[in-house]
Every structure is written in structure tokens, then in C-alpha cells.
Amino acid sequence: AFAGIANLTGGVANRDEFVFEAAGTLSGLLDGGLAGFDTLVLNGDGVDREKYGRIERLAVVMDAKRRQVFAAVFAADPGYIGLTPGWRPVLEAAVLAPEALLAQVPRPLHVLGEGLRWHADSFSGPGITCLPEGYWPPTAAHVHRLGRLRAAAGLCADPDGLIPIYLRRPEAVEKWEQRHGITGLK
């Protein structure tokens, strides 16, 4: 760990790793050196702890239409290495009404995601904190951090094995079936 450093320079033809904590700064230059394989690591999630407190449980919500959300809930667990390093799933991704989601999750709960644009009123009450929109989109630094942790644990995804998850039939198909009196098709 270093403090008060203006410039950082790595070695020639090796693997340098430059790690910055959430409050870390660099007033000068960062140079990995000639050749080699260098890595920049940005730690911390950037959440204002003084304003929003410690995040124990986090619900990520997206609008699923029909007064429902597509959501998953995670608990902070620094030792967890899986799909979401540092965040152990406590409610797998599902489509459900906001009230059904909240009935399954203890408080305190922090909530983020574009689903709050349509369902913010449902996510209010004691022990529920909605994070502002600036925290909703994933940043490149966070994606890099999660990918790096997974790779270090040998949990690289096989790109040929990635498949989309369809939790429900397309809305256009359901509307067409309703218009034509067709029910019960899956």
C-alpha cells in the first residue's frame, strides 16, 4: 500500500498489478512498463456509506411489465465466490409482483435497478432503501472486478454454453392469443 505517490511505473516484461481502493487517487502517471501483462484493479463499489449505510441485502429489479418485476436478491458475503463474487444469491432471479418479492426478503434491504422507475412506490417502507439512479447501471470497473474474481477462482464461463433465460412468453404472443381467444398454450 502506498500513499502520496504521484507516478507509478511497473517493471519491464512482467505482470504488474496496480490496485486502487475506492478512495484511492493518483495525481501523476501510471505506466505498466514495456511489454508484459499489466492489470489495473479498482476496488470498492462506490456507494456512499454515510448516506446509505452498510448494504447487507441488495435487490436488483427490472420492470417486467404487467405490474411485475424481474428481480434477484443478494446478501453481502465477502467469502462467496460464484456467479456474483462477494454477493451470495438469497433469492434467485424471478418474475414476480413487488409485494411478493418484499414478502420473501428480510430487512434491511437496499434496492436498485431501472424497475424502480415504474415500481418505486412498492419499494418504500421501513427498512427499505432505494439507491439513486446513478448506482443502477453496472460500471466497467465493477464488471471487470467480478470477472477478475471469477477468473482467479477458475470460474470462467464457456461462451458456447451461454444461453438466454426466457422466464415468460413474449407479451406480443400473449396479446395475440387473447385477441384470438386462445388460452392455455405454453
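It should be emphasised that the depicted structure is a prediction, and the values quoted were computed from it without experimental measurement.
Between L162 and A157, the closest heavy-atom pair is CD2-CB, 4.1 Å. The two residues V95 and Q68 make their nearest non-hydrogen contact at CG1-OE1, 3.3 Å. Closest non-hydrogen pair, S122 versus E99, comes out as OG-OE2, 3.4 Å. Here the shortest heavy-atom pairing between R150 and L155 reads NH2-O, 2.6 Å.
Shown here are the salt bridge (charged side-chain N to carboxylate O under 4.0 Å, His left out) partners of R57, two or more places apart in sequence or in another chain: there are none. Every salt bridge (charged side-chain N to carboxylate O under 4.0 Å, His left out) that D77 has, sequence neighbours left out, goes to R88. Legend: residues meeting salt bridge (charged side-chain N to carboxylate O under 4.0 Å, His left out) with R179, ordered by chain and number and at least two apart, are absent. For R117, the salt bridge (charged side-chain N to carboxylate O under 4.0 Å, His left out) criterion is met by E133, not counting sequence neighbours. The side chain to side chain donor-acceptor pair (under 3.5 Å) test applied to E114 returns no partner, not counting sequence neighbours. Every residue two or more places apart in sequence or in another chain that forms a side chain to side chain contact (heavy atoms under 4.5 Å, CB included) with A93 is listed here: F70, A72.
For H144 (side chain) and A140 (main-chain N/O), no donor-acceptor pair under 3.5 Å exists by modelled atom type.
Hydrophobic clustering places W136 together with I55 (ILVMFWY residues linked when any side-chain heavy atoms are closer than 4.5 Å, directly or through intermediates). Under a hydrophobic-cluster definition in which Ile, Leu, Val, Met, Phe, Trp and Tyr are linked whenever side-chain heavy atoms come within less than 4.5 Å, directly or via other members, L91 and F123 are assigned to the same cluster. One hydrophobic cluster holds both V111 and L131 under the rule that ILVMFWY side chains link at heavy-atom gaps under 4.5 Å. Note: the hydrophobic cluster containing V60 does not contain Y80 (ILVMFWY, side chain heavy atoms under 4.5 Å, direct or indirect links). Side-chain heavy atoms closer than 4.5 Å link hydrophobic residues (I, L, V, M, F, W, Y) into clusters, and following such links, even through other members, never connects L149 to F74.
Looking at heavy atoms from C-beta onward, L96 lies in side-chain contact with Q104 at the 4.5 angstrom threshold. Contact check for I182 versus W176: side-chain heavy atoms found under the 4.5 Å cut-off.
Salt bridge annotation for K65-E174: absent, with no cationic side-chain nitrogen under 4.0 angstrom from a carboxylate oxygen.
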Show your reasoning for whether side-chain contact (heavy atoms from CB on, under 4.5 Å) applies to V105 and V90.
CA-CA 8 Å; V105 182; V90 293; 5.6 Å; no
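Results of the side chain to side chain contact (heavy atoms under 4.5 Å, CB included) test with L58 over T129, L112, L109 single out L112 as the only residue that passes.
With rounding to the nearest 0.5 Å, the separation of CE in M62 from NE2 in H119 is 11.0 Å.
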